[in-house]
J.: 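Dropping a structure here in structure tokens format, bear with me for questions.
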Amino acid sequence: MFSDRYNPREAEPKWQKAWDAAQSFKAEDGGGKPKYYVLEMFPYPSGRIHMGHVRNYAMGDVVARYKRALGMNVLHPMGWDAFGMPAENAAMQNGSHPAKWTYENIATMRSQLKSMGLSIDWSRELATCDPSYYRHQQKMFLDFLGAGLAYRKRAKVNWDPVDQTVLANEQVIDGRGWRSGAVVEQRELTQWFLRITDYAQDLLDALETLDQWPEKVRLMQKNWIGRSEGMLVRFELNGSEARELDVFTTRPDTLFGAKFLAVAPDHPLAREAAQRDPSVAAFIEDCKRTGTSAAAIETLEKKGVDTGVRAAHPFDPDWRLPVYVANFVLMEYGAGAIFGCPAHDQRDLDFANAYHLGATVVVCPAGQDPATAQVSDIAFDGDGVLINSGFLNGLTVAQAQEEVAKRLETDTLFGKPRGERRVSYKLRDWGISRQRYWGCPIPVIHCDDCGTVPVPDSQLPVALPDDVSFDRPGNPLERHPTWKNVTCPECGKPARRETDTMDTFVDSSWYFARFTDPHNETAPTSRAVADHWLPVDQYIGGIEHAVLHLLYSRFFTRAMEKTAHLGVIEPFKGLFTQGMVVHETYKDESGAWLFPADVNVSTDGASKRATARDDGRPVSVGPIEKMSKSKRNIVDPDDIIRDYGADTARLFMLSDSPPDRDVIWSEEGVQGAARFVQQIWRLVGSMSAVASPCGTQPGSLDEVAALEFRKTAHRRAQKVGEHLERLRFNTAVAEIRKLANELGALLQRIEEPPSAQMSVAIREAAEMLVKLFAPMMPHLAEECWRALGHDAMLVSAAWPQVDPELASDDAITIPVQVNGKKRAELIVPADIDNGKLEAEALQNEAVQKALEGRMVRKVIIVPRRIVNVVV
RNA sequence: GCGGACGUGGCGAAACUGGUAGACGCAAGGGACUUAAAAUCCCUCGGGGCUUCCCGUGCGGGUUCGAUCCCCGCCGUCCGCACCA
């Protein structure tokens with residue numbers, strides 16, 4: 001019955017078909033079982049799956065299969081993040097329609113994923129580019145519009161003059177468009193925005209509740225939201241059409257150190273000054289040309305120009321401060337204007353030094369003489385005592401802030417308080433307009449008479465036209481002959497359709513909700529079903545979405561809750577961010593990158609040699625880096641599955657490194673995993689040869705050797721469960737390997753033929769082993785299960801029941817230390833009392849020797865852990 | 001500049017809330033089987049004395065009976081944000 005070698009090429013497709021036929025992974029909306037929703041970030045259909053996908057989906061599949069075996073009703077779906085620029089780029093390059101390109105890629109990648117043996121409910125598959133998906137997104141956009149969560153405004157955006165589209169910030173690399181390489185311009189355009197800032201505080205506060213998220217991601221979101229507390233201070237102006245200027249500050253305590261005010265180049269006050277003064281206009285023009293890349297900012301000098309306007313100090317109407325336009329003030333943050341206190345802010349100091357504006361110290365650091373305190377090049381931003389500050393003198397920074405706040409709240413200017421406490425956020429509203437074809441059309445119509453009119457529900461979806469050309473850059477929807485020409489739904493006159501489409505991050509902001517009811521034709525979700533499944537219990541994906549996708553989704557869920565589509569506000573209860581798959585790089589003498597498949601690597605002793613497979617030319621082995629097409633350090637999952645099988649690939653992806661860290665793909669590593677697959681197969685084969693018949697259960701055993709099998713299996717099963725609960729796949733695998741090694745060793749020692757008790761114990765141990773590795777290597781597990789005599793599939797079997805009695809050791813090894821140094825080991829009963837343990841430790845020969853007759857001062861006993869004798 | 005994470009054998013790593021440092025694997029070396037190879041099996045594998053000992057978790061200090069783990073100060077690597085008032 002058992003062949004020597006396990007053949008994944010035969011077994012894997014066979015079991016995949018069997019699971020499919022039995023609909024083993026279909027999630028039921030209801031029933032008595034507790035629900036568990038496990039989801040991996042859905043892929044972009046770029047062409048083929050890569051090793052990162054294999055790792056991501058292998059992890060999710062282990063969780064799904066494990067939870068299923070624990071008796072939970074598991075939802076584990078898959079879909080496609082199918083809109084986006086690469087489809088249009090492909091269309092421009094080789095003329096194929098984005099839809100055709102996308103759906104062909106989906107077909108390829110679907111079959112690749114299926115060959116991995118993932119326990120996915122494929123009946124719920126969705127693609128975001130399908131009108132049956134995006135029609136609901138359009139409906140929700142209109143709901144958001146009605147609820148005030150979507151709006152249109154003119155805003156500064158990154159404009160790629162070659163591709164003629166807006167680019168997201170992350171698509172601008174060192175000031176250039178990532179595809180065209182053209183220098184990106186700042187343009188003012190009218191764009192659609194989602195009001196994520198409405199939820200800034202809530203998104204921040206609720207991070208505290210996400211205790212199953214990595215600390216790192218929560219911190220990144222916190223920094224991104226960027227809350228800071230301060231004051232809005234109103235300054236009376238002189239010499240401007242505006243009579244006052246609002247300024248945001250987090251340091252109102254330093255107001256007596258003010259030397260100037262400064263506004264952003266695009267501040268209304270700057271524009272007004274530009275009309276009066278050509279030098280101001282020239283400066284503003286200059287600012288527009290400056291890049292926004294990190295490198296540009298690093299080297300940028302603080303520059304500004306005096307507007308001629310003067311502002312009165314809020315605490316002294318005779319104290320006049322010059323108002324500058326400055327290149328380091330941002331219109332988007334705070335009030336777009338600041339007051340400069342050079343002594344206590346580095347940027348203000350740099351600016352003041354450049355324009356000889358002076359610096360008065362108003363916060364004296366502890367231990368410094370107020371009379372001599374001064375600054376030259378380094379501003380002091382620490383705590384201290386206020387000086388040179390009138391009524392604030394002698395107060396601490398915190399006290400002074402409170403005092404200033406009280407004073408400004410009660411003082412008035414033009415009948416309103418001079419200042420108010422204000423919380424400011426870095427988070428900006430989410431600009432979702434894209435001048436692109438392959439995205440979800442924004443369902444509005446522009447009418448000269450009626451303005452912006454929502455497309456009526458009855459006309460949804462606003463589908464993309466098929467007959468478009470990509471022979472020129474720009475948006476094909478804009479130049480389509482008829483698509484944008486419509487009649488106004490309100491007045492019936494000719495009107496224009498919105499030709500912008502939505503950012504693809506909108507598509508991915510609610511797909512997890514759609515999976516709960518993917519075929520609903522009338523609504524994005526149905527409340528009862530969505531409320532049952534959501535939130536996602538375990539979400540798994542890359543750290544690169546720490547802010548973007550994960551923050552957008554948190555906002556979108558809140559917006560869907562507000563518009564009555566959902567009953568939850570947090571989409572992902574547990575989040576796990578997995579590491580990347582990395583690989584050595586290979587380069588030949590001409591500097592060309594080589595694929596690992598085209599390189600022979602051999603080891604002579606400790607040194608490593610690499611040559612090209614085709615002509616044997618020498619190849620240098622480069623640093624280990626993230627797998628990327630450009631460096632060719634990629635391994636095709638198809639090749640691995642063909643050569644080794646999916647189980648081997650899955651096992652290796654799970655076993656070598658902790659799941660949140662990078663894993664190095666290596667040929668040796670895969671071979672090690674493949675060896676283990678065969679080892680398991682042989683082990684289960686030899687165990688089944690001596691095991692009792694299928695269905696027999698161990699009763700009470702008295703044979704020590706048989707009991708040893710049971711104890712070993714139960715002990716390891718407990719450990720594996722603990723590791724899986726914590727998503728520690730690498731240590732779970734190690735535990736399974738230990739079990740296999742131990743069972744192999746025990747099997748060597750049994751007498752032939754085995755006793756009845758022994759046979760039953762062996763059956764139990766073999767079945768437990770198979771169940772334990774089934775989440776990781778499901779095909780091998782089914783094949784072993786069948787070989788053990790089962791007719792039913794393992795996929796519907798329960799996780800092993802661990803008997804705590806068997807799992808706990810009855811004898812344990814306890815180290816004995818003398819003054820913290822280990823001197824002996826005692827093997828004692830697990831339940832030994834401290835007195836006996838102490839006596840036994842002190843009697844021990846090695847301990848006695850180490851004591852050298854010295855007086856024992858104290859004996860510390862940590863039960864089940866250690867004995868430390870202090871002399 | 002700000003914020004964060006991490007530094008353990010030749011390599012990937014393990015060590016639960018302070019309690020035997022190096023589990024499990026990879027590589028390497030030695031051996032068995034074989035005509036031979038592959039596969040498989042056995043042994044060695046942090047360093048040094050090599051029997052019972054000493055040193056060792058980036059470096060320096062501290063707390064503790066006891067520190068990879070906690071505290072302080074350095075050094076290094078990686079990541080995120082970045083003129084955020």
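The chains referred to below are lettered A, B, ... by the order of the sequence lines, with proteins before strands, and numbering in each begins at 1.
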J.: Considering only atom C1', compute the distance from B:rC11 to B:rC75 and round it to an integer number of Å.
T.: 24 Å
J.: Can you tell me how far P in B:rC43 sits from the matching atom in B:rG25, rounded to whole Å?
T.: 12 Å
J.: Scan A:R218 against the nucleic acid and name what it touches under 4.0 Å (heavy atoms): base, sugar-phosphate only, or nothing.
T.: nothing
J.: Could A:R422 and A:F248 be counted as a cation-pi pair, given that NZ or CZ must be under 6.0 Å from the ring centre and within 45° of the axis?
T.: no
J.: For atom P, what is the distance between B:rU34 and B:rC50, given to the nearest Å?
T.: 40 Å
J.: Please state how far atom CE in A:M580 lies from atom P in B:rG80, giving the value in whole angstrom units.
T.: 9 Å
J.: Which one, B:rU40, B:rA23, B:rA85, comes nearest to the side chain of A:R682?
T.: B:rU40
J.: Could you measure between the two C1' atoms, the one in B:rG30 and the one in B:rG22, and give it in whole Å?
T.: 23 Å
J.: Set out, in order, the CA-CA distance, both residues' side-chain angles and the distance that settles ring-ring contact (aromatic ring centres under 6.0 Å, His included) for A:F339 and A:F260, then state yes or no.
T.: CA-CA 6 Å; A:F339 84 81; A:F260 64 94; 8.8 Å; no
J.: When the distance from CD1 of A:I225 to P of B:rG3 is rounded to whole Å, what number comes out?
T.: 19 Å
J.: Between B:rA38 and B:rC24, how many Å separate the two P atoms, rounded to a whole number?
T.: 26 Å
J.: Could you tell me the separation between the CD atom of A:E742 and the C1' atom of B:rG25, rounded to a whole number of Å?
T.: 15 Å
J.: Where the side chain of A:R675 is concerned, which of B:rC24, B:rG3, B:rU40 is the nearest nucleotide?
T.: B:rU40
J.: Watson-Crick or G-U wobble partner for B:rU44, using a 3.5 Å limit on both distances?
T.: B:rA28
J.: Please determine if A:R728 and A:E725 form a salt bridge, counting it only when a charged side-chain N lies under 4.0 Å from a carboxylate O.
T.: no
J.: Between atom CD1 in A:I378 and atom C1' in B:rG1, what is the gap in whole Å?
T.: 11 Å
J.: Applying a 3.5 Å limit to both distances, which nucleotide forms a Watson-Crick or G-U wobble pair with B:rA38?
T.: none
J.: Pick base, sugar-phosphate or nothing for A:G672, based on heavy-atom distances below 4.0 Å to the nucleic acid.
T.: sugar-phosphate
J.: On a whole-Å scale, what distance lies between the C1' atoms belonging to B:rU35 and B:rC42?
T.: 23 Å
J.: Could you classify B:rG9 for me, syn or anti, using a glycosidic angle within 90° of 0 as syn?
T.: syn
J.: Whole angstroms only, please: what is the CD1-C1' distance between A:I736 and B:rA23?
T.: 15 Å
J.: Taking the P atom in each of B:rU63 and B:rU68, what is the distance between them to the nearest angstrom?
T.: 16 Å
J.: Between B:rA67 and B:rG18, how far apart are the two P atoms, rounded to whole Å?
T.: 14 Å
J.: To the nearest Å, how far apart are A:L743 CG and B:rC24 C1'?
T.: 15 Å
J.: Among B:rC55, B:rC65, B:rA23, which is the nearest nucleotide to the side chain of A:A734?
T.: B:rA23
J.: Is a side-chain donor or acceptor of A:D246 paired with a backbone partner of A:A335 at a separation under 3.5 angstrom?
T.: no
J.: To the nearest angstrom, how far is A:D253 atom CG from B:rA85 atom P?
T.: 13 Å
J.: If you assign A:R251 and A:G669 each to the RNA chain B nucleotide with the nearest heavy atom, which residue ends up on the more 5' nucleotide?
T.: A:G669
J.: Please determine, for B:rG66, whether a Watson-Crick or G-U wobble partner exists with both distances under 3.5 Å, and give it or none.
T.: none
J.: Just checking, is any N or O donor in the side chain of A:R554 or A:Q221 under 3.5 Å from an acceptor N or O on the other one?
T.: yes
J.: Return the pairing partner of B:rC74 with a 3.5 Å limit on both distances, Watson-Crick or G-U wobble; otherwise return none.
T.: B:rG58
J.: Between A:Q346 and A:D350, do the side chains contain an N or O donor and an N or O acceptor separated by less than 3.5 Å?
T.: yes
J.: Scan A:K849 against the nucleic acid and name what it touches under 4.0 Å (heavy atoms): base, sugar-phosphate only, or nothing.
T.: base
J.: Measure from the ring center of A:Y425 to the ring center of A:Y333 and say whether it is less than 6.0 Å.
T.: no
J.: With sugar-phosphate meaning primed atoms plus P, OP1 and OP2, does A:V733 contact a base, only sugar-phosphate, or nothing at under 4.0 Å between heavy atoms?
T.: nothing
J.: Give the rounded distance in Å between these two atoms: CG of A:N741 and P of B:rC26.
T.: 10 Å
J.: Answer yes or no: is there a donor N or O on one side and an acceptor on the other, between the side chain of A:N327 and the main chain of A:C287, under 3.5 Å?
T.: no
J.: Is there a Watson-Crick or G-U wobble partner for B:rG18 with both distances under 3.5 Å, and which nucleotide is it?
T.: none
J.: Look at the side chain of A:Q401 and the backbone N and O of A:P252, then say whether any donor-acceptor pair between them is shorter than 3.5 Å.
T.: no
J.: State, without any angle test, whether A:T731 and A:H723 hold a side-chain donor-acceptor pair at a distance under 3.5 Å.
T.: yes
J.: So if I take every side-chain heavy atom of A:W224 and compare against B:rA27, B:rG80, B:rA82, which nucleotide ends up nearest?
T.: B:rA82
J.: Go along nucleotides 5-20 of chain B 5' to 3' and tag each nucleotide: B for a protein heavy atom under 4.0 Å from its base, S when only backbone or sugar atoms are that close, - otherwise.
T.: -------SSSSB--BB
J.: Quick one: look up who B:rC81 pairs with, Watson-Crick or G-U, both distances under 3.5 Å, and put none if it's unpaired.
T.: B:rG1
